[in-house]
Structures are given as C-alpha cells and as structure tokens.
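Working notes for the structure below.
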Amino acid sequence: MPMLIAIFALAAMVAVSGAVIGWTRRRQAPLFGVLSFFSTGVALWAVSDVIAFLVRDPGEALLWGSILFPSEAVVTAGFFCLASTVADRAWRVSWRTVTPLLIEPAILIVLLATNPWHRLFIPEVTRAAWQGEFILQIGPLYWPHVVYGYILVLVALFRVARARRRSPREQRWIYNWTLCTALPPLLINLVGLPLEGRYSDMTSAGFAITVIIAYRMVAHPTLPEQIPVGRQQVFDTLSDAVIVTDQCGRILDHNPAARRLTERIHPDAAHPPAVPAAEPTEPAGPPAESPSAPPAESSAPPAVPLAASLTGSPAREVFGTDLHLREEGETDQALTDVAGSGIDLHLRIGPLRDRKGNVIGWAMAARDVTEANRLRREVEEANALLREQVVRDPLTGLYNRRHLMDTLPELLAEAAAGGTPLTLAVVDVDHFKQVNDTYGHAAGDAVLVAVARLLASGVRHDDLVARLGGEEFVIVLPGAGDDVARTRLEEVRELVSRGRTRTDGHRLAVTVSIGFASFPGLRSVDELLNAADEALYAAKARGRDRVEQAAVPQPVGERRTA
C-alpha cells in the first residue's frame with residue numbers, strides 16, 4: 001500500500017507542477033493553457049486515488065469517488081483539446097468548442113448526485129483483498145462513460161494522425177510526440193479494465209507520464225505554436241539561482257533568482273545601511289568614526305548595491321567556504337545553513353570547457369531546499385515515532401510482546417557468545433481481578449500504568465521491561481546470575497508493594513508475584529518463559545508477594561546416577 005500511495009502522490013505532484021507551469025506560461029502559447037487544464041484533471045484524479053487509500057469509511061470513499069469520475073471526464077476533455085490544438089493551429093479553446101465537451105461531465109455529475117437513489121453508477125463500495133483500500137464497484141451506467149472517454153481520445157488521436165500525414169517531414173516530430181502521450185494511460189487502462197472493481201486503477205499514473213511528455217513537447221523550442229523566447233528571457237525567468245563564474249570562481253553572470261538568493265543570504269549587501277558618506281571638507285568626521293570603522297570592515301565587506309557586489313565577487317562569498325569546484329564533471333552539493341543565514345541549498349555545478357577541453361569556468365544552479373529539508377526531518381521524526389509506537393504497549397508505554405519476542409533470541413545469543421548469565425522474570429499483579437471488579441477498569445488501567453512505571457524505574461538501563469499481556473510483565477536482566485537476579489527482583493517487588501495509586505479518590509496498594517529462570521541453566525527462549533511462568537505459579541501458591549526461582553533441570557546422566 002505505501003508504494004501505491006507514493007506512486008499516486010508522485011503522479012499528483014507531477015500533474016500539479018504541469019498545471020502550475022502551464023498556467024504561468026499560458027500567454028506564451030495556447031498549448032500551455034490547455035496543458036494546465038489537462039494537468040489539473042490529472043491532479044484531481046491522482047489525489048482522489050491517494051485519498052482512496054487513506055479513508056477509513058465507505059461513505060468517505062464514495063464521496064471522493066464522486067470527484068474521481070468527473071476528473072476522468074476533465075482529463076479526456078483536456079487531452080482532446082491538447083491534441084486538437086496540435087492537429088489544427090487555428091483551433092482554439094472557446095465556449096463554442098468547449099460546450100459540447102461539458103455535456104458528458106454535467107450528465108456524470110447528475111448521475112453521481114442521484115446515485116443513492118438508483119445505484120446504477122456505483123452500486124457499492126468494497127474493500128480490495130490485495131491492498132485493503134476501498135474500491136468503488138461499477139454499475140451499468142459506468143460503461144457509457146468509459147466508451148465516451150475512449151471515443152474522445154481516439155477521435156483526438158485520429159485528428160493528430162491525419163495532421164501528421166499532411167505535414168512536412170521535418171515537422172512530424174510534434175505529432176509523433178502527441179501520439180506517444182496517449183500510450184502510457186491507454187496501455188495501463190486496457191490492462192486494468194478486466195480487473196475493474198478488484199484492484200486500484202493506475203490510469204492516473206499513466207496520465208502523469210502523459211503530462212511529462214506533453215510538457216516536453218509543448219516546451220520544445222521549435223514547436224510551431226511556441227512564441228520564440230530569447231536566451232536572456234529564459235535565463236531571467238528560471239526559478240533556480242543560476243551563476244556563471246570564470247576559472248578562478250569569480251562571478252561573471254547571474255540571473256534575478258541569484259540576486260534574490262543573495263539578498264536573503266547577505267541582506268546587507270543588497271540593502272546597505274543609510275549612512276551618509278564621509279565628506280572631504282570635514283576632516284573631523286572620519287577620526288570620530290575611526291574607532292568603530294575597523295571592526296565593521298573586518299567583520300563584513302562594505303555594503304554596496306547588489307548588482308555591483310555580485311558580479312566580479314568570488315562565488316564563495318555567496319555560497320560559503322564549503323563550495324567545491326571540481327573539474328571531473330557535474331556534481332551535486334548540499335550546503336546547509338549557508339553563511340549562517342539558516343538557508344539550505346542544493347547546488348549543481350558543471351564545468352565550462354573550451355574547444356580543447358580545458359576548464360574555463362563553472363555554471364552553478366542553486367535551489368533553496370530549506371523547506372524540503374525541514375519537511376524531510378519532520379517525516380524522519382514521524383517515522384521514528386511510528387517505529388517506536390509499533391514496539392510499545394499503548395497503555396503502559398513499555399515494550400510490547402512483539403518486541404520482547406523479537407529481542408529475546410538476540411539477548412540470549414549474546415549471552416551464549418559472551419559466556420555471561422541472563423535472567424528472565426515473569427511479573428504478575430496480585431489480585432488484579434479484584435481491583436477491576438471493585439474499583440472499575442479505569443482504576444485497573446491506572447494500577448497497570450503505575451506498576452509499569454515502578455518496574456521500569458527499578459531496573460538498569462540495559463535491562464528490558466515489557467508487558468506480556470493483561471497484568472503480566474517480563475523483566476530481562478542480561479548479565480545477572482541467580483543470586484544477583486533474586487536480590488534485584490526482591491528490590492523491585494518491595495518497590496511495588498510500597499507504591500500507591502491514586503484513582504477516583506482511592507489510594508490503591510498492590511503487590512506482585514515474581515517467578516524467574518536463568519541461563520545457562522535453561523538455554524532457549526521457550527524454556528526460560530515456561531520455567532519462569534511455573535515459578536510464578538509457585539509464588540502465587542505460596543502466598544503471593546514473593547519471588548520464586550525456577551528449578552533448574554538436571555542433565556540426564558546426573559539423574560540416572562541419582
């Protein structure tokens with residue numbers, strides 16, 4: 001499931017990027033606006049696929065499914081517009097051309113809104129056996145929607161193929177690219193249609209690939225519909241900071257993004273303080289300022305306008321001393337907390353070479369990844385917390401039985417390899433059922449939490465305390481033999497007996513019975529647990545609130561001689 005969520009989330013991010021980029025560049029060529037519309041539909045489709053894995057209620061799944069199907073209609077209509085714009089340069093998106101395409105989505109919305117009454121579009125919502133996500137079961141009215149989508153896509157491809165046949169050979173690449181954009185979703189959808197209603201539909205991921213291919217096609221500099229854009233305009237509109245340096249690392253050229261980045265890293269260079277310049281006619285002024293002038297000059301360069309300070313300055317003044325210029329080829333570098341500004345940068349550096357292959361400078365592209373790093377750290381911390389929660393008992397906070405059974409073999413193997421003893425003790429709260437019956441389960445939970453806290457505080461850092469289940473706990477004492485273990489377990493028992501639990505105005509006192517068994521007398525996890533459990537029953541039978549040691553079985557040879 002996590003892999004599928006990641007695939008759909010990546011598809012959504014790709015589509016959103018295509019929608020945003022297409023919208024911001026819509027004035028450069030009509031295709032960019034159509035690409036934005038198409039990518040928006042793909043993004044909605046992929047987001048609904050992600051949510052299908054996250055919802056826990058069939059009603060919520062049905063609600064998000066009501067967004068899924070209209071987004072499919074938007075995608076097919078957007079692809080039709082994209083292909084029509086490529087096939088016919090005179091074709092434009094207008095109300096006259098778009099209104100027929102809105103009929104099917106409108107009918108679809110009406111059918112989904114009335115579905116609770118007729119259930120002919122989505123009869124029910126079931127959980128898939130493979131990944132466990134909710135799957136919308138399709139009704140008879142779903143298939144006209146599918147047929148209409150295929151007809152729309154095939155008509156668009158036919159128009160492109162016909163335009164390709166009529167176009168000059170040197171311009172056919174644009175039509176080839178357009179035809180290729182339909183291959184990923186069509187292949188995925190054709191494979192998935194027989195499995196409809198049983199497995200997650202991956203078509204949105206295929207359309208995300210279409211967005212990438214379409215953007216590559218639309219952004220191609222020789223596209224007939226693309227307005228010619230000069231090199232400097234492209235250079236200036238890049239969102240990444242781009243800097244070109246000479247062989248010595250001095251800045252020769254930079255784009256506005258680099259200027260803005262430098263303003264953030266070195267704000268004094270971009271916004272010099274409003275200090276009046278020294279006038280030559282007032283010789284008394286400089287001596288008065290001289291005591292403070294040297295420290296200012298030594299701590300930072302003079303604040304001058306950025307256009308003058310950036311060009312001709314060493315690149316290390318912008319990116320810090322951690323910058324490394326290598327001649328081997330393109331390199332990626334991570335600069336954390338650049339110049340103490342709190343900004344993290346991802347820097348790509350490529351050498352510039354002359355015709356003889358000699359390095360004459362470097363091209364650098366820097367991207368601010370501060371927020372991405374923060375989110376990554378938050379995700380890592382959240383994952384660490386989730387991993388910790390998996391092995392913790394939710395009530396007491398101690399390790400749970402799963403962690404205990406995973407860790408015990410390792411501890412036993414370490415003891416065997418090092419020739420050191422190991423003791424395992426089973427701890428049971430005495431008369432715990434009476435606590436529940438007399439004071440209620442809330443009081444019983446409070447007692448368990450208090451006992452768990454006392455057990456954890458009464459052991460060493462290397463010892464392991466886990467909740468076995470119910471009112472039973474396990475203490476593992478690596479390196480402790482029989483005598484040492486008994487002494488320490490007696491201390492734990494006394495610590496619990498002295499404790500008091502306050503709940504609902506009552507101060508409850510409980511005791512524990514403890515049975516323990518040791519290695520190397522017993523050499524397996526099952527033997528230790530069974531023997532300690534038997535010793536616990538012996539402690540219960542002998543009056544409770546006591547520690548009992550399991551009897552160590554004698555070797556077969558010794559039993560015979562006895």
Side-chain angles (χ1 to χ4, degrees), residues 11-47 70-106 108 148-164 166-167 171-186 189 203-229 234 237:
M13 288 188 290
V14 169
V16 168
S17 301
V20 172
I21 296 174
W23 181 255
T24 56
R25 301 181 63 180
R26 67 189 184 280
R27 298 186 185 279
Q28 298 180 13
L31 273 174
F32 279 111
V34 179
L35 175 64
S36 178
F37 175 75
F38 170 71
S39 301
T40 300
V42 177
L44 291 174
W45 191 344
V47 168
S71 65
E72 293 179 359
V74 171
V75 170
T76 53
F79 182 83
F80 178 84
C81 294
L82 185 71
S84 298
T85 308
V86 172
D88 184 2
R89 300 182 189 180
W91 194 91
R92 291 292 182 268
V93 178
S94 63
W95 282 113
R96 185 176 62 85
T97 57
V98 171
T99 300
L101 298 176
L102 297 178
I103 297 176
E104 198 267 345
L108 195 61
Y148 171 81
Y150 268 96
I151 291 175
L152 205 60
V153 171
L154 291 177
V155 168
L157 294 178
F158 174 77
R159 297 186 65 181
V160 173
R162 185 175 58 182
R164 178 188 180 278
R166 297 175 179 176
S167 65
Q171 293 185 7
R172 289 184 178 179
W173 67 268
I174 180 65
Y175 305 107
N176 296 336
W177 275 100
T178 306
L179 294 173
C180 290
T181 58
L183 290 180
L186 283 178
N189 192 256
T203 307
S204 62
F207 273 113
I209 301 175
T210 299
V211 170
I212 297 175
I213 300 175
Y215 177 77
R216 172 67 180 84
M217 173 190 70
V218 173
H220 197 282
T222 59
L223 182 65
E225 286 293 322
Q226 180 69 46
I227 298 176
V229 180
V234 175
T237 55

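The residues of the chain are indexed from 1 along the displayed sequence. Below, all heavy atoms of this structure are taken into account, side chains as well, without hydrogens, waters or symmetry copies. These numbers come from a predicted model, not from an experiment.
For Leu101, the side-chain contact (heavy atoms from CB on, under 4.5 Å) partners are Ala77, Phe80, Cys81, Tyr148, Leu152, not counting sequence neighbours. When the ring pair (Phe, Tyr, Trp, His ring centres under 6.0 Å) test is applied to Phe207, the partners found at least two apart in sequence or on another chain are Phe38, Trp45. Among residues two or more places apart in sequence or in another chain, the side-chain contact (heavy atoms from CB on, under 4.5 Å) test is passed with Leu183 by none. With sequence neighbours excluded, the residues forming a side-chain contact (heavy atoms from CB on, under 4.5 Å) with Val16 are Val20, Ala43, listed by chain and number. Residues forming a side-chain contact (heavy atoms from CB on, under 4.5 Å) with Ile151 (at least two apart in sequence, or on another chain): Val147, Val155.
Taking each heavy atom of Ser39 and Ala15 in turn, the nearest pair found is CB-O, 3.2 Å. Minimum interatomic distance between Ala73 and Leu108 (heavy atoms only, all atoms of both residues): CB-CD2, 4.3 Å. The minimum heavy-atom distance between Val74 and Gly41, with the atom names listed, is CG1-CA, 3.7 Å.
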- request: List the steps, then state whether side-chain contact (heavy atoms from CB on, under 4.5 Å) holds for Leu82 with Phe37.
  value: CA-CA 9 Å; Leu82 185 71; Phe37 175 75; over 6 Å; no

task: I would like to know whether Val42 and Phe79 meet side-chain contact (heavy atoms from CB on, under 4.5 Å); could you show each step before the answer?
output: CA-CA 10 Å; Val42 177; Phe79 182 83; over 6 Å; no

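The backbone N or O of Thr210 sits nowhere less than 3.5 Å from a side-chain atom of Thr181 that would complete a donor-acceptor pair.
Considering OG1 of Thr40 and CG of Leu35, their distance stands at 9.0 Å, rounded to 0.5 Å. Considering CZ of Phe32 and CZ of Arg25, their distance stands at 3.5 Å, rounded to 0.5 Å.
Looking at heavy atoms from C-beta onward, Ile212 lies in side-chain contact with Val14 at the 4.5 angstrom threshold.
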